[in-house]
There are 2 protein chains.
Amino acid sequence: MVDFAQTEPQPLKKRRLGAGPTRKVILDAARTRFAKDGFSRSTIRGIAGDAGVDASLVMQYFGSKDELFTAVMDSSGPSTMSRIAEAFDGPAEGLGERVTRAFLEVWDGDPHISEPLLALLRAAIGTQQATVQLRELIQKRVIDDLGARLRDDPDMTTRIELACSMLVGVVVGLRLVEIDALVRQEREALVAYVAPSIQAVLVRH
Amino acid sequence: MVDFAQTEPQPLKKRRLGAGPTRKVILDAARTRFAKDGFSRSTIRGIAGDAGVDASLVMQYFGSKDELFTAVMDSSGPSTMSRIAEAFDGPAEGLGERVTRAFLEVWDGDPHISEPLLALLRAAIGTQQATVQLRELIQKRVIDDLGARLRDDPDMTTRIELACSMLVGVVVGLRLVEIDALVRQEREALVAYVAPSIQAVLVRH
DNA sequence: CTTTTGTCTCAACACGTGTTGAGAAGATGA
DNA sequence: TCATCTTCTCAACACGTGTTGAGACAAAAG
């Protein structure tokens with residue numbers, strides 16, 4: 001009965017499949033669905049339907065709905081947010097413009113990058129459960145990346161968090177609420193509008 | 001069988017109770033719950049439990065979960081948002097400060113006013129379903145109240161919507177994500193931080 | 001006392017959800 | 001051909017949801 005010859009090294013709890021292209025199809029469908037409907041409103045059956053497969057197959061590829069969500073999150077490299085942090089580098093003049101442009105490029109650019117962030121934003125705001133996750137994402141990847149430069153400067157920390165909050169507000173109006181006057185604008189026009197404002201909150205007058 | 005003498009003027013579909021204090025207790029519980037968990041995560045049973053009554057009683061007082069939600073919304077007078085619109089009146093100097101202070105007073109003040117707005121914000125951002133409701137709330141009650149003053153000025157409209165978006169972002173960080181550095185601040189300190197930024201986006205340089 | 005009316009609870013239904021286990025279809029290797 | 005492995009579907013379970021109807025309980029009215 002028991003086979004000692006062929007030692008199975010890791011009898012993992014769940015068989016993790018992923019050879020064929022189906023895994024990526026499901027992941028793409030999940031990313032779009034999560035970004036559009038948020039976490040709780042998205043259903044496994046709906047995602048599976050979009051991907052053209054059965055719901056249980058999604059469960060076999062990823063173990064649960066939560067793991068599918070984190071898989072979508074991990075599919076966007078962890079380096080995307082650090083690009084924002086880098087924008088804080090450099091001279092004080094043009095700081096607001098660099099940060100604003102970096103923010104809009106990340107949150108309004110390639111769907112593979114922006115959609116997971118929108119999904120996380122929806123989930124975080126919608127339920128106060130993923131709030132911790134969003135807080136960690138923003139604080140650890142943005143603030144901590146900046147930690148070396150503003151060590152023990154609570155005033156600057158507050159200013160940076162305010163700037164990020166305000167830019168998230170712009171993203172909410174642009175991508176989630178889809179306010180006409182904002183959607184109509186070109187990105188550089190938005191930068192021109194917003195950059196002086198971010199500059200004002202970032203640098204002491 | 002048919003009684004013509006005692007004319008019942010309105011045989012409403014559902015008996016609308018509301019004499020005792022229970023209706024208000026349920027309404028308060030619903031307001032808090034909606035603000036904390038959003039619409040979809042809030043359950044009738046949970047609200048009823050907080051109010052100390054049975055779930056079906058909630059259904060008898062209000063006809064459905066949606067009607068309960070709109071009842072909570074209506075419980076905050078429609079005049080709360082117009083207070084923000086009024087802040088746009090007056091001279092250009094100090095405009096950012098007035099608007100910022102009005103915004104924070106409404107969204108961070110009396111829970112009877114702020115909690116329904118937070119609930120609506122959660123619902124709108126969480127699901128893109130109540131997005132229309134939020135868009136109408138902001139656009140009709142803020143923009144349209146300002147319509148007389150900025151008739152045919154798309155540039156100013158864009159600036160106002162951006163200012164509102166950024167201030168909503170601050171509210172999100174302050175009340176929903178609850179970022180430490182923001183929660184710790186006094187309201188006037190926040191106004192001092194944010195007001196120059198709002199001023200910058202509202203008035204042409 | 002009996003009846004009615006208002007207030008409230010109990011038990012249940014119908015539905016959608018995440019999740020699971022059994023098994024079919026097809027390719028691969030012995 | 002037989003066995004095996006991967007990929008995928010079908011049917012079902014367990015649970016929580018909004019919602020409903022019947023009835024308990026008390027107070028007021030007749």
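Order of the sequence lines sets the chain letters (A, B, ...), proteins ahead of strands, with each chain counted from 1.
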Practice task
In whole angstrom, give the distance that lies between atom CG of B:L57 and atom C1' of D:dG23.
Solution key: 15 Å

Practice task
Ignoring backbone atoms, establish whether B:T22 has a side-chain N or O less than 4.0 Å from OP1 or OP2 of C:dC8.
Solution key: yes

Handout entry: Under-4.0 Å salt bridge between A:E115 and A:K36
Key = no

Exercise for the section: Provide, to the nearest angstrom, the distance between the CG atom belonging to B:D54 and the P atom belonging to C:dA12. Expected result: 14 Å

Practice task
Starting at atom NZ of A:K65, determine the distance to atom C1' of D:dC15, rounded to an integer number of angstrom.
Solution key: 14 Å

Problem - N/O donor-acceptor pair, side chain B:S56 with base C:dC8, under 3.5 angstrom - result: no

Practice task
Quick one: sort the B:F34 and B:F39 rings into parallel, tilted or perpendicular, breaks at 30° and 60°.
Solution key: parallel

Practice task
Could you tell me whether the phosphate oxygens of D:dC8, OP1 or OP2, come under 4.0 Å of any side-chain nitrogen or oxygen in A:Y61?
Solution key: yes

Practice task
Go through the N and O atoms of the side chain of A:R45 and the base of C:dG18, and report whether any donor-acceptor pair is under 3.5 Å.
Solution key: yes

Handout entry: Side-chain heavy atoms of B:L176 within contact of B:L118, under 4.5 Å
Key = yes

Problem - Whole angstrom value for the distance that separates C1' of D:dA24 from CD of B:Q60 - result: 13 Å

Exercise for the section: Establish, from distance only, whether the side-chain atoms of B:R31 and B:S75 form a donor-acceptor pair under 3.5 Å. Expected result: yes

